[in-house]
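These notes are about the structure you will find just below.
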Amino acid sequence: MSPIALSDFRSVVFFIGAGMSAECGVPTYRGSGGIWAQYDYGEYACQRAFDRNPRKVLDFHELRRKTVLDCAPHAGHHALAKLQAAQPRLHVITQNIDGLLQRAGVHVAAELHGSLWRVRCARHGVHEDLAAARYATRACPDCGAPLRPDITWFEDMVDEDVFARAGELIAGCELFVSVGTSAVVYPAASFIPLAQRKGALMVEINPEATEASKLFMRTLREPASVALVNGFAP
Ligand code: APR
């Protein structure tokens, strides 16, 4: 199959899931070796768990930060950065919190589920943290309250401004490329049928079929590191 020429489209969205980071060594959430198979998110990644035991939750997230720092972006990340440099109307929207896209020089228009690299105080808002495994501090510098990861956990409300921005870009795109998502977590997963309803050319990059596969006209049953290098041209 010849590469898809991005210049044929006025606007392009790449919609990224955990599968994009899998080949870097960052575990996905579901499937074999998935994070939620090893850790109960009710114990480590929700506000209840944080209120109950902030130290345990922050220790878990420091472990995830270390895992990510031990990984590097793959050829697919770098290919996406190159495509974006050639095609300014290529927007990247990610569900991932690992920051690997940004480390490869990709401009990310929306981080739907926040970031491992930010922390927040309920009263004083978000603070950028270090690109280090350990948090610079676990207490808000303004009020001393425990800082929590700036990540959208299960049972959290999503960031409406971030989702509105993502929705706008997706509703207006002519090519929608889903990369490495199981498409089972809402409201993020609802962006896939939105793109389809708006008439975008739908492409899925995933070695396995997903619940949303029927919405895609083209599927690249390959790993992201291969499909992003071979499947697209500026
Ligand atoms: N290349 C492309 N896709 C891959 C690769 C790869 N090398 N390896 C695995 N995948 C696919 C899997 O087949 C699966 O469909 O990546 C997908 C990962 O699915 P999930 O682990 O469910 O990750 P994701 O869809 O991003 O999860 C969405 O769930 O837990 C929440 O907030 C968390 O953002 C996350 C959300």
Side-chain angles (χ1 to χ4, degrees), residues 13-47 49-50 57 60-61 64-65 67-68 71-80 92-101 104 106 108 110-118 148-159 162-163 166 176-193 195 202-216 218-232:
V13 164
F14 279 75
F15 181 74
I16 309 291
M20 179 72 178
S21 305
E23 294 159 270
C24 307
V26 180
T28 58
Y29 291 95
R30 296 162 190 86
S32 60
I35 295 175
W36 302 140
Q38 298 170 57
Y39 293 94
D40 170 3
Y41 69 76
E43 285 293 309
Y44 292 96
C46 67
Q47 189 64 46
F50 182 76
V57 168
F60 169 67
H61 285 83
R64 294 196 61 194
R65 285 161 62 112
T67 304
V68 172
C71 300
H74 56 55
H77 287 98
H78 296 299
L80 188 54
V92 176
I93 293 167
T94 187
Q95 299 172 87
N96 298 346
I97 59 174
D98 56 35
L100 279 168
L101 288 159
V106 174
V108 174
E111 287 180 311
L112 297 176
H113 296 153
S115 170
L116 266 176
W117 310 108
R118 293 192 298 270
R148 61 157 274 181
D150 185 36
I151 294 170
T152 302
W153 284 328
F154 288 101
E155 302 157 23
D156 279 349
M157 300 293 285
V158 294
D159 182 319
V162 170
F163 268 69
F176 180 89
V177 184
S178 169
V179 187
T181 184
S182 59
V184 294
V185 173
Y186 287 78
S190 60
F191 284 138
I192 298 173
M202 302 289 286
V203 178
E204 182 180 54
I205 296 175
N206 195 321
E208 292 168 21
T210 67
E211 309 222 338
S213 292
K214 58 187 178 305
L215 298 177
F216 290 91
R218 290 171 74 166
T219 52
L220 306 180
R221 288 281 172 257
E222 298 170 308
S225 66
V226 173
L228 288 169
V229 171
N230 302 331
F232 302 86

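In listed order, ligands and their atoms are each counted from 1. Below, all heavy atoms of this structure are taken into account, side chains as well, without hydrogens, waters or symmetry copies.
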For atom 17 (C) of ligand 1, closest protein heavy-atom neighbour: Gly180 O, 3.5 Å

Parallel, tilted or perpendicular, as decided by the 30° and 60° cut-offs, for the rings of Trp153 and His61: tilted

Min heavy-atom dist Trp36 to ligand 1 below 4.0 Å: yes

Minimum-distance protein heavy atom relative to atom 31 (C) of ligand 1: Arg30 NH2, 3.5 Å

Nearest-neighbour protein heavy atom for atom 34 (O) of ligand 1, which is reported as residue plus atom name and distance: His113 ND1, 2.9 Å

For Leu100 against Ala72, the heavy-atom pair lying closest together: CD2-C, 4.0 Å

Criterion side-chain contact (heavy atoms from CB on, under 4.5 Å) against Val203, the qualifying member of Thr219, Leu220, Val179: Leu220

Nearest non-hydrogen protein atom, atom 25 (O) of ligand 1: Thr181 OG1, 2.6 Å

Short side-chain to backbone donor-acceptor contact, Asp40 and Gly42, under 3.5 Å: yes

Top protein contact for atom 28 (C) of ligand 1, by heavy-atom distance: Gln95 OE1, 3.4 Å

Whether Phe15 and Phe191 hold their rings parallel, tilted or perpendicular, with breakpoints at 30° and 60°: perpendicular

Polar atom proximity, Glu222 to ligand 1 (N or O, under 3.5 Å): no

Atoms in ligand 1 with a heavy atom of Thr28 nearer than 4.0 Å: 21 (O)

Which atom of Thr181 lies closest to which atom of Asn206, heavy atoms considered: O-ND2, 3.4 Å

Tyr41 OH: over 12 foreign heavy atoms closer than 6.0 Å: no

Phe232 side, atom CZ; Phe14 side, atom CZ - distance, nearest 0.5 Å: 4.5 Å

Which residue and heavy atom of the protein sit nearest atom 36 (C) of ligand 1, plus the separation: Val185 CG2, 3.8 Å

Glu204: which of Arg218, Arg221, Lys214 passes side chain to side chain donor-acceptor pair (under 3.5 Å): Arg221

Closest approach of any protein heavy atom to atom 14 (C) of ligand 1, naming residue and atom: Asn206 ND2, 3.8 Å

Nitrogen or oxygen of Glu23 less than 3.5 angstrom from that of ligand 1: yes

Ligand 1 N/O within reach of Ala18 N/O, cut-off under 3.5 Å: yes

Close approach, Phe154 and ligand 1, non-hydrogen under 4.0 angstrom: yes

Gly34 to ligand 1, any heavy atom closer than 4.0 Å: no

Part of Ala22 within contact of ligand 1 (heavy atoms, under 4.0 Å): side chain

Atom indices of ligand 1, in the order listed, that fall short of 4.0 Å to a heavy atom of Glu208: 13 (O)

Polar proximity ligand 1 side, Thr152 side, N/O cut 3.5 Å exclusive: no

Per atom 6 (C) of ligand 1, closest listed option by heavy atom (Ser32, Gly19, Gly114, Ala227): Gly19

Minimum-distance protein heavy atom relative to atom 35 (C) of ligand 1: Tyr29 CE1, 3.5 Å

Any N/O pair Ala224/ligand 1 closer than 3.5 Å: yes

Non-hydrogen atoms of Glu211 and Ala183 that approach each other most closely: CB-O, 4.4 Å

Side chain to side chain contact (heavy atoms under 4.5 Å, CB included) between Ile97 and Glu111, worked out: CA-CA 7 Å; Ile97 59 174; Glu111 287 180 311; over 6 Å; no

Gly17: numbered ligand 1 atoms lying under 4.0 Å from its heavy atoms: 26 (O)

Those residues that, when tested against Arg148, pass salt bridge (charged side-chain N to carboxylate O under 4.0 Å, His left out) (two or more places apart): Asp156

Residue that, paired with Val177, satisfies side-chain contact (heavy atoms from CB on, under 4.5 Å) out of Val13, Ile205, Val92: Ile205

